[in-house]
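Written out below as structure tokens is the structure these notes cover.
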Amino acid sequence: MARAPVLTPQADDFPQWYQDVVAKAELAENGSVRGTMVIRPYAYSIWERMQGEVDARIKATGAENVYFPLFIPESHLQREAQHVEGFSPELAVVTHAGGKELAEPIVVRPTSETVFGEFMAKWIQSYRDLPLLLNQWANVVRWELRPRIFLRTSEFLWQEGHTAHASQADAAAYARRIHFDVYLAFLRDVLALPVLVGIKTDTERFAGAINTMTCEVMMRDGKALQMATSHELGQNFARAFEMEFSDAEGERRLAWTTSWGSSTRMVGGLIMAHGDDSGLRVPPVLAPIQVVVVAVKDDDETRPVVEAVERELRDAGVRVRVDARPAGLGRRLTEWELKGVPVRVEIGPRDLAEGVVSVVRRDTGEKAAVPVAAAAAAARDLLAVVQESLAEEARTRAASLTREVTTIEEALEAAETGFARLPWKTVGPEGEKRLNQKAVSVRCLQTPDGGVPDDADADDLVAVVGRSY
RNA sequence: CGGGGCGUGGCGCAGCCUGGUAGCGCACCUGCUUUGGGAGCAGGGGGUCCCGGGUUCAAAUCCCGGCGCCCCGACCA
């Protein structure tokens with residue numbers, strides 16, 4: 001049956017499609033201050049699911065949650081030279097409070113390396129205090145030139161981890177553990193995304209870091225989105241904040257620190273990596289609502305069946321929602337499609353007369369008539385199928401839009417539709433500049449087998465280049 | 001900062017050129033009928049026309065000056 005298009009088709013205008021989804025699926029709206037956003041209940045529930053999954057993985061690495069203040073003295077930020085330089089253009093600064101001008105301006109945190117540095121320095125006296133593994137869930141503010149809802153907002157929500165270690169090797173190993181066991185695992189297993197892991201080039205590296213690792217994901221329009229980063233900060237922040245400890249031999253030594261973060265940007269990535277012309281497609285493992293049971297008509301015949309299927313699903317541990325609202329059926333189905341609920345069970349008189357219900361997959365639209373008694377099990381079993389199918393589709397798409405090339409010219413051409421892979425030594429800082437002039441960037445450097453390089457100067461590094469958000 | 005566009009009920013827009021009762025679609029409220037893909041009919045409510053000044057008998061409309069927002073590029077999770 002022909003359905004009126006609800007959204008601007010992706011092929012017509014991808015950015016417009018994105019805005020349409022955000023609005024029509026009731027995910028978020030612009031706030032009253034430029035660049036800010038109001039996150040609506042459904043998107044927030046997705047974020048809460050992300051938080052839960054990421055938080056559990058962070059804690060499994062041994063880190064503990066804390067909370068640090070929103071305000072940072074301006075002088076703090078200036079303690080690490082590259083750090084200030086990197087962030088000062090996008091700072092929001094408080095100059096007045098309590099009705100008068102402040103003696104020292106207060107910065108609204110754009111990230112918290114500096115405050116964490118100050119306090120971690122106080123808490124670390126001995127090698128026995130190391131490693132110190134902290135994480136916080138917070139909001140940060142960066143006055144971006146061009147805001148885009150979820151992808152780049154002036155204020156956003158994230159988690160930022162800050163750790164201190166006794167040796168560079170330990171810091172490096174921990175940063176990698178976070179990168180693989182938290183970020184890569186979450187993006188791959190929960191968000192069903194194909195992830196490129198690698199390191200950033202000098203120009204793309206975090207301000208103040210000696211090494212930045214990234215998780216890059218291709219969106220459906222072929223552009224890249226950085227979905228999480230982990231930094232080795234060397235001793236730069238430890239030095240700036242005098243983070244010293246006595247080692248086993250009684251020698252005073254400087255700690256090695258890391259920081260790592262992932263943000264509400266991931267919601268935007270989820271939308272753009274899996275969404276189709278009918279709206280969001282939320283992977284079942286993540287979905288706040290995994291199955292929606294729709295009563296075609298809320299009458300005495302369907303109600304008991306709806307309730308039975310709901311109970312059975314709930315008992316099976318499925319996150320289920322019943323929709324027996326009086327609104328027209330078409331409107332309701334459209335809404336659940338926009339919101340990307342992975343599986344729908346439709347229960348109505350026509351099916352019930354034959355003892356069946358309809359079980360529908362959101363990812364493919366495939367519809368099956370299933371006997372009432374088997375409905376809940378069928379819906380539940382579909383969750384794993386949809387999860388894998390979304391993952392496979394994203395994998396295939398990314399692979400088909402990635403080309404192995406040998407020259408900058410070819411890379412530029414490939415970047416018009418997706419990614420290009422080529423030897424880093426044929427790009428180099430000069431080639432990187434040329435790419436940048438055409439709005440193409442080096443997303444990451446990988447080992448030939450797609451791993452994270454341990455040696456940034458290795459001869460055989462592969463550069464993955466593309467356009468990005 | 002450069003380039004485009006736009007400010008008119010909650011949302012999307014028309015009206016402006018050529019000044020004269022503020023309009024349409026969606027949404028909302030009430031009732032009835034409906035419910036297998038954005039329901040139908042009937043009735044109803046809701047407006048500092050971005051702000052300030054000017055011209056005029058009369059300004060959403062013309063003139064001057066502000067402000068704000070959105071989109072496309074350079075900076076970034």
Side-chain angles (χ1 to χ4, degrees), chain A residues 1-7 13-16 18-20 23-24 26 29-36 85-91 109-111 138-160 183 200 203-207 212 214-217 224-231 259-269 278-279 294-299 302 323-338 344 346-354 356-358 360 365 367 369 436-441 467-469:
Chain A
M1 190 164 305
R3 301 172 195 171
V6 175
L7 306 169
D13 184 346
F14 196 83
Q16 188 58 51
Y18 179 76
Q19 294 196 172
D20 286 357
K24 297 230 169 145
E26 301 178 335
E29 295 182 24
N30 290 320
S32 11
V33 170
R34 179 194 143 80
T36 60
E85 199 185 324
F87 280 103
S88 46
E90 53 194 49
L91 292 180
R109 63 181 166 214
T111 178
N139 59 339
V140 286
V141 169
R142 299 181 187 179
W143 222 255
E144 301 290 354
L145 297 175
R146 188 146 94 75
R148 267 164 98 62
I149 212 155
F150 286 120
L151 304 177
R152 204 183 304 99
T153 46
S154 301
E155 177 191 6
F156 58 90
L157 305 181
W158 76 345
Q159 63 62 219
E160 50 176 326
Y183 297 142
K200 286 295 189 184
T203 53
E204 301 270 336
R205 190 182 300 140
F206 177 75
T212 289
T214 180
C215 287
E216 299 284 327
V217 177
L225 185 69
Q226 177 177 311
M227 301 208 34
T229 48
S230 313
H231 315 290
S259 70
W260 25 280
S262 61
S263 72
T264 37
R265 168 180 277 188
M266 291 192 296
V267 178
S278 300
V294 178
V296 170
K297 188 176 178 180
D298 186 25
D299 59 16
T302 56
D323 178 6
R325 292 172 295 175
L329 179 70
R331 175 169 293 272
R332 292 185 289 145
L333 297 183
T334 302
E335 181 186 332
W336 296 120
E337 272 169 3
L338 278 167
R344 214 162 61 218
E346 299 173 12
I347 303 179
R350 191 185 299 167
D351 280 350
L352 284 183
E354 298 171 28
V356 298
V357 301
S358 297
V360 188
K367 193 175 211 169
N436 289 168
Q437 281 163 3
K438 296 280 172 64
V440 173
S441 54
R467 293 163 304 144
S468 75
Y469 280 96

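Proteins get letters first, then strands, A, B, ... in listed order; numbering begins at 1 in each.
Within the nucleic acid shown, A:Leu151 comes within 4.0 Å of at least one base atom, counting heavy atoms only. Residue contacts shown for A:Asn436 are absent, as no nucleic acid heavy atom lies under 4.0 Å away. Within 4.0 Å of A:Ser468, counting heavy atoms only, lies no atom of the nucleic acid at all. No engagement by A:Ala228 is indicated, since no non-hydrogen atom pair under 4.0 Å with the nucleic acid exists. If you check every strand for non-hydrogen atoms under 4.0 Å, A:Gly261 touches nothing.
In this structure a side-chain-to-backbone donor-acceptor pair under 3.5 Å is present from A:Thr302 to A:Asp299. Using a distance-only test at 3.5 Å, with no hydrogens or angles considered, a donor-acceptor pair links the side chain of A:Tyr18 to the main chain of A:Ile149. Judged by distance alone, with hydrogens and angles left aside, the side-chain atoms of A:Thr334 form a donor-acceptor pair with the main-chain N or O of A:Gly330 at under 3.5 Å. A:Arg332 places a side-chain N or O within 3.5 Å of a backbone atom of A:Ala295 that can act as its donor or acceptor partner.
A:Arg344 and A:Val294 make their closest contact through CG-CG2, 4.0 Å (heavy atoms, listed as atom of the first residue, atom of the second, distance). The two residues A:Glu216 and A:Gln226 come nearest to each other via the heavy atoms OE2-CB, 3.4 Å. When all heavy atoms are compared, the tightest approach of A:Ser230 to A:Trp260 is CA-CB, 3.7 Å. Residue A:Ser88 comes nearest to A:Glu85 through the heavy atom pair OG-O, 3.8 Å, listed as atom of the first residue, atom of the second, then distance.
Distance CD (A:Glu29) to C1' (B:rA27): 14 Å, rounded to an integer number of Å. Whole-Å rounding puts the A:Lys200 NZ to B:rC76 P distance at 10 Å. Regarding A:Asp20, its CG atom lies at a distance of 20 Å from the P atom of B:rG38, rounded to whole Å. Straight-line distance from the CD atom of A:Glu144 to the P atom of B:rA77: 8 Å, rounded to whole Å. One interatomic measurement links the two molecules: CG of A:Leu329 to P of B:rU34, which rounds to 17 Å at whole-angstrom precision. For the pair A:Glu26 CD and B:rA27 P, the computed distance is 13 Å after rounding to whole Å. Rounded to an integer number of Å, the gap from CD of A:Gln437 to P of B:rA74 is 11 Å. In this entry the distance linking CD of A:Glu204 with C1' of B:rA77 reads 13 Å, nearest Å.
When side chains are defined from C-beta on, A:Pro110 counts as touching A:Leu91, because their heavy atoms get closer than 4.5 Å.
Looking at RNA chain B, the stems built from 3 or more consecutive Watson-Crick or G-U wobble pairs, each pair with its key distances under 3.5 Å, are B:1-7 with B:67-73, B:10-13 with B:23-26, B:28-33 with B:39-44, B:50-54 with B:62-66.
When distances run from any side-chain atom of A:Val6 to the nucleotides B:rG38, B:rG37, B:rA77, the shortest one goes to B:rG38. Distances from the side chain of A:Arg332 to the nucleotides B:rA77, B:rG36, B:rU35 place B:rU35 closest. When distances are taken from the side chain of A:Arg350 to each of B:rA77, B:rG37, B:rG36, the shortest belongs to B:rG36. For A:Ser358, counting side-chain heavy atoms from C-beta on, the closest listed nucleotide (B:rA77, B:rG36, B:rG38) is B:rG36. For A:Arg331, taking side-chain heavy atoms from C-beta onward, the closest of the listed nucleotides B:rA77, B:rG37, B:rA27 is B:rA27.
The same atom, C1', is picked in B:rG46 and in B:rC62; the two are 30 Å apart, to the nearest Å. To the nearest whole angstrom, the two C1' atoms, one in B:rG3 and one in B:rA14, are 28 Å apart. Taking the P atom of each, B:rG40 and B:rC26 are spaced 8 Å apart, rounded to whole Å. When the P atom is compared between B:rU61 and B:rU21, the two are found 13 Å apart, to the nearest whole Å. B:rG66 and B:rG15 have their C1' atoms separated by 25 Å, given to the nearest Å. Straight-line distance between the C1' atoms of B:rG37 and B:rA74: roughly 45 Å, to the nearest whole Å. Separating the P atom of B:rG45 from that of B:rG5 is a span of 40 Å, rounded to the nearest Å. Separating the C1' atom of B:rG12 from that of B:rC6 is a span of 13 Å, rounded to the nearest Å.
Counting distance only, with no hydrogens placed and no angle test, the side-chain atoms of A:Arg344 and the base atoms of B:rG37 include a donor-acceptor pair under 3.5 Å. Side-chain atoms of A:Glu335 stay outside donor-acceptor range of the base of B:rG38, with no qualifying N/O pair under 3.5 Å.
Each of A:Lys24 and A:Trp158 was matched to the nucleotide of RNA chain B holding its nearest heavy atom; the match closer to the 5' end belongs to A:Lys24.
A search for side-chain contact (heavy atoms from CB on, under 4.5 Å) contacts involving A:Glu144 returns A:Glu90, A:Arg142, A:Arg152, not counting sequence neighbours. Checked against salt bridge (Lys or Arg N to Asp or Glu O under 4.0 Å), A:Arg467 has no partners two or more places apart in sequence or in another chain. Shown here are the side-chain contact (heavy atoms from CB on, under 4.5 Å) partners of A:Glu335, two or more places apart in sequence or in another chain: A:Arg325, A:Lys339.
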Under 4.0 Å protein heavy-atom contact, by nucleotide of nucleotides 66-71 of chain B - B base, S sugar-phosphate only: ---SSS
Protein N or O to nucleotides 28-31 of chain B N or O, pairs below 3.5 Å:
none

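Classification of A:Glu337 and A:Lys24 as a salt-bridged pair fails, no side-chain N sitting under 4.0 Å from a carboxylate O.
Going from atom CG of A:Leu329 over to atom NZ of A:Lys297 covers 12.0 Å, rounded to the nearest 0.5 Å.
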